[in-house]
There are 2 protein chains.
Amino acid sequence: MQDVAREAGVSPSTVSRALHTRGYASPEVRERVQAAAQRLGYVPNHMARNLRSRTSTAIGVLISDLRNPFYADLAAGIEEVLRFEGHQMILVNDNGDPEEEMHAAETLLAMQVAGVIVTPVAAACPKMLQDNGIHVVSADRQLGRGGDAVLSDNKAGARELTEHLLGLGHERIGLLIDETKWSTGAGRLAGFRAAYEDAGLELDEDLIVFTSFDAEAAKQTTRELLDEQHVTAILSANNVLAQGALAELKRRRLRIPNKISLAAYDDVPWMSLVQPAITTVDQHTVDLGRSSAQLLLARIRDELPARRRIVRVAPRLVVRGSTGPAPRN
Amino acid sequence: MQDVAREAGVSPSTVSRALHTRGYASPEVRERVQAAAQRLGYVPNHMARNLRSRTSTAIGVLISDLRNPFYADLAAGIEEVLRFEGHQMILVNDNGDPEEEMHAAETLLAMQVAGVIVTPVAAACPKMLQDNGIHVVSADRQLGRGGDAVLSDNKAGARELTEHLLGLGHERIGLLIDETKWSTGAGRLAGFRAAYEDAGLELDEDLIVFTSFDAEAAKQTTRELLDEQHVTAILSANNVLAQGALAELKRRRLRIPNKISLAAYDDVPWMSLVQPAITTVDQHTVDLGRSSAQLLLARIRDELPARRRIVRVAPRLVVRGSTGPAPRN
DNA sequence: CTGTTAGCGCTTTCAC
DNA sequence: GTGAAAGCGCTAACAG
């Protein structure tokens with residue numbers, strides 16, 4: 001910076017002002033400084049800048065699994081907005097593990113990030129960050145009561161998807177679900193129940209089957225579901241479980257949708273590539289990411305009222321070939 | 001840090017040494033300091049640390065498209081190693097645009113990252129970073145001659161895939177490809193040619209069809225390929241183009257593999273979900289990412305001889321149901 | 001509008 | 001093995 005100042009014949013502080021601040025520098029000087037900086041290939045040091053100004057443009061993003069297209073899309077949406085707004089994304093995979101999550105949060109804290117977007121695993125993580133004065137936006141799910149969040153309306157989406165199946169005459173729909181601790185799973189289960197209730201049908205609790213979070217477990221659980229319950233349709237609570245369900249249906253060569261219907265929450269690309277294409281609920285995942293980033297930046301810039309803000313993104317039912325009229329026996 | 005020093009009854013410099021350096025602090029003092037830090041919830045400030053020590057643990061990762069599972073897997077592999085080794089990943093999507101890429105590189109430079117892993121779009125980007133003393137590893141493709149790189153053996157993979165098709169009796173294989181400027185596309189094309197040559201068959205140049213990088217364009221190009229060339233098999237140069245090719249084959253209700261075979265470079269999850277599952281070349285993408293990170297860290301730690309290191313990851317042919325004997329007319 | 005001064009929080013000489 | 005002092009590169013406060 002000294003060099004640039006000398007080259008432009010001004011003081012270091014003027015260089016700083018000319019390069020970054022708006023105002024407080026005459027246009028003529030500003031131009032001269034910028035030319036000098038260009039000529040010398042000067043790149044300002046973010047570290048020093050952040051240290052002195054006690055601000056940072058880096059944003060931490062904490063997600064569970066980048067290889068799951070849901071999280072990849074979420075991260076892509078976040079990154080798009082951050083980049084456009086001149087921020088940087090520090091991305092950490094926590095593998096859904098509370099300890100990894102907390103450890104990552106501490107690192108982000110040490111890095112003095114301006115804010116964090118997290119798909120929380122444990123409530124302790126957003127809380128710790130907030131207690132340390134870091135802005136936090138929970139994306140996709142919500143834990144504890146504090147803080148801003150961007151959420152999909154899981155209940156409405158699951159209700160709509162279930163109504164679609166009920167409308168086709170299915171009464172025994174197996175719900176394949178991995179967790180209901182979080183607002184996502186809980187919401188989807190609630191929507192499933194609500195649709196049955198609205199239809200005036202009693203829901204057999206045995207139709208709700210819990211499985212682990214990976215496709216292989218879902219395949220096994222689907223097997224049990226088919227063996228033990230007489231279902232005419234399967235509703236998978238997310239894209240990963242749907243892989244397992246579909247694999248088992250294909251293994252048994254059950255014709256879809258003639259013999260059995262399959263619907264899945266969370267639209268991802270492969271669902272329109274398989275034959276028949278899968279009926280799903282599109283969560284607008286990239287938008288979910290964009291909104292999370294926008295909300296966080298608005299909070300950082302202090303453009304929002306103090307009380308917490310919850311942004312809800314409406315999901316959309318996408319009917320494709322995998323769901324059809326319930327077979328009559 | 002002052003507070004911790006006071007709490008532990010030592011000087012700030014001792015706190016620094018006790019917390020981070022190995023040696024230069026008595027075990028007894030070290031323990032006392034750590035206890036004090038714990039009690040006060042002290043989190044050291046990375047910015048100040050990096051500024052003073054002129055080192056940073058942040059690593060920049062520059063990729064083209066996070067929503068493409070190839071890049072997502074690459075990033076996941078990189079992140080896994082970086083996190084394990086106590087580094088942070090700053091992830092930037094450059095959308096395959098040289099200007100975005102260069103802009104991102106400048107930001108990373110300003111952030112004083114310890115190194116950058118890039119799937120380069122233009123040779124200028126790695127060069128600029130290297131000129132500024134930043135360690136660079138090119139992942140997946142190579143541009144210009146400088147620098148370390150982790151590459152898949154595209155030629156071998158494409159050759160093996162083509163040999164597989166030739167072995168099934170296909171002689172007119174349409175190669176659907178988007179670019180050959182980069183080492184990836186060039187290598188795959190070279191492998192395709194080599195297989196024909198090894199088989200002693202003359203390659204009709206019209207079988208090589210160029211398309212844009214998105215699935216929709218690939219669909220249209222596949223249409224032209226089917227209309228204008230008599231092909232019994234299609235080989236798609238990557239996972240995205242394969243989506244377009246498959247969509248068009250399905251639209252025409254061409255039976256796979258009876259009527260036409262489809263093979264694709266770059267195995268991604270949907271390829272084993274569709275019916276029939278797609279024959280592919282698995283690039284071990286996550287490993288590619290892991291190796292890139294390991295190579296970069298080794299370079300940063302100065303564990304490598306000065307001359308550049310190229311790591312090659314061997315791809316693997318995965319034969320599935322989408323390829324079968326060529327139909328006889 | 002611009003220069004001077006001080007100092008962000010930490011690590012690293014250099015004495016002791 | 002430990003403390004005191006200096007300073008990383010920059011920006012904010014203050015004069016002018």
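The sequence lines fix the lettering, A, B, ..., with proteins before strands; numbering per chain opens at 1.
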Q | Rounded distance (nearest 0.5 Å) linking atom CD of Glu100(A) with atom CG of Leu62(A) | A | 10.0 Å
Q) Of the candidate nucleotides dT11(D), dT2(D), dG3(C), which contains the atom at the shortest distance from the side chain of His20(A)? A) dT11(D)
(Q) From C-beta outward on Ala25(B), which listed nucleotide comes closest to its side chain: dG9(C), dG7(C), dT2(D)? (A) dT2(D)
Q: In whole angstrom, give the distance that lies between atom CE of Met47(B) and atom P of dC10(C).
A: 12 Å
Q: Could you check how far CD of Gln2(A) sits from C1' of dG3(C), rounded to whole Å?
A: 13 Å
Q: Give the rounded distance in Å between these two atoms: CD of Glu31(A) and P of dC1(C).
A: 15 Å
Q) From the list dC10(C), dC8(C), dA12(D), which nucleotide is the closest neighbour of the side chain of Pro44(B)? A) dC10(C)
**Q.** Below 4.0 Å: OP1/OP2 of dC10(D) and any side-chain N or O of Tyr42(A)
**A.** yes
(Q) Nearest to the side chain of Val29(B), heavy atoms from C-beta on, is which of dC10(D), dC10(C), dT2(D)? (A) dT2(D)
Q. Which nucleotide, dC10(D), dC10(C), dA12(D), lies nearest any side-chain atom of Met1(B)?
A. dC10(C)
Q. With sugar-phosphate meaning primed atoms plus P, OP1 and OP2, does Ser13(B) contact a base, only sugar-phosphate, or nothing at under 4.0 Å between heavy atoms?
A. base
Q) Hey, is the main chain of Gln142(A) close enough, under 3.5 Å, to the side chain of Ser183(A) for a donor-acceptor pair? A) yes
Q. Rounded to whole angstrom units, what separation is found between the CZ atom of Arg6(A) and the P atom of dG3(C)?
A. 14 Å
Q) Taking the side chain of Ser11(A) as heavy atoms from C-beta outward, which of dT4(C), dC10(D), dT11(D) is closest to it? A) dT4(C)
Q.
Using heavy-atom distances to pick each residue's nearest nucleotide on DNA chain D, tell me which of Val15(A) and Ser53(B) is more 5'.
A. Ser53(B)
Q) Of the nucleotides dC10(D), dT13(C), dG3(C), which has the atom closest to the Arg17(A) side chain? A) dG3(C)
Q. Thr14(A) side chain N/O closer than 4.0 Å to the phosphate oxygens (OP1, OP2) of dG3(C)?
A. yes
Q) Is there side-chain contact between Asp266(B) and Thr285(B), with heavy atoms separated by less than 4.5 Å? A) yes
Q | Atom-to-atom span, CG of Asn45(A) to C1' of dC8(C) - whole angstrom | A | 13 Å
Q. Can a donor-acceptor pair be found between the side chains of Ser56(B) and Gln88(B) at a distance below 3.5 Å?
A. no
Q) Taking atom P of dC10(C) as reference, at what distance in whole Å does atom CZ of Arg52(B) sit? A) 13 Å
Q | For atom CG of Asn50(A) and atom P of dC10(C), their distance in whole Å | A | 15 Å
Q) Would you say the side chains of Ser64(A) and Arg141(A) form a donor-acceptor pair under 3.5 Å? A) yes
Q) Out of dG9(D), dT11(D), dT11(C), which nucleotide sits closest to the side chain of Arg49(B)? A) dT11(C)
Q | Side-chain-base donor-acceptor pair under 3.5 Å for Arg54(A) and dG9(C) | A | no
Q. Judged by atom type as modelled, is there a donor-acceptor pair below 3.5 Å linking the side chain of Arg309(A) to the main-chain atoms of Asp148(A)?
A. no
**Q.** Value in whole Å for how far the C1' atom of dG7(D) lies from CG of Leu51(A)
**A.** 12 Å
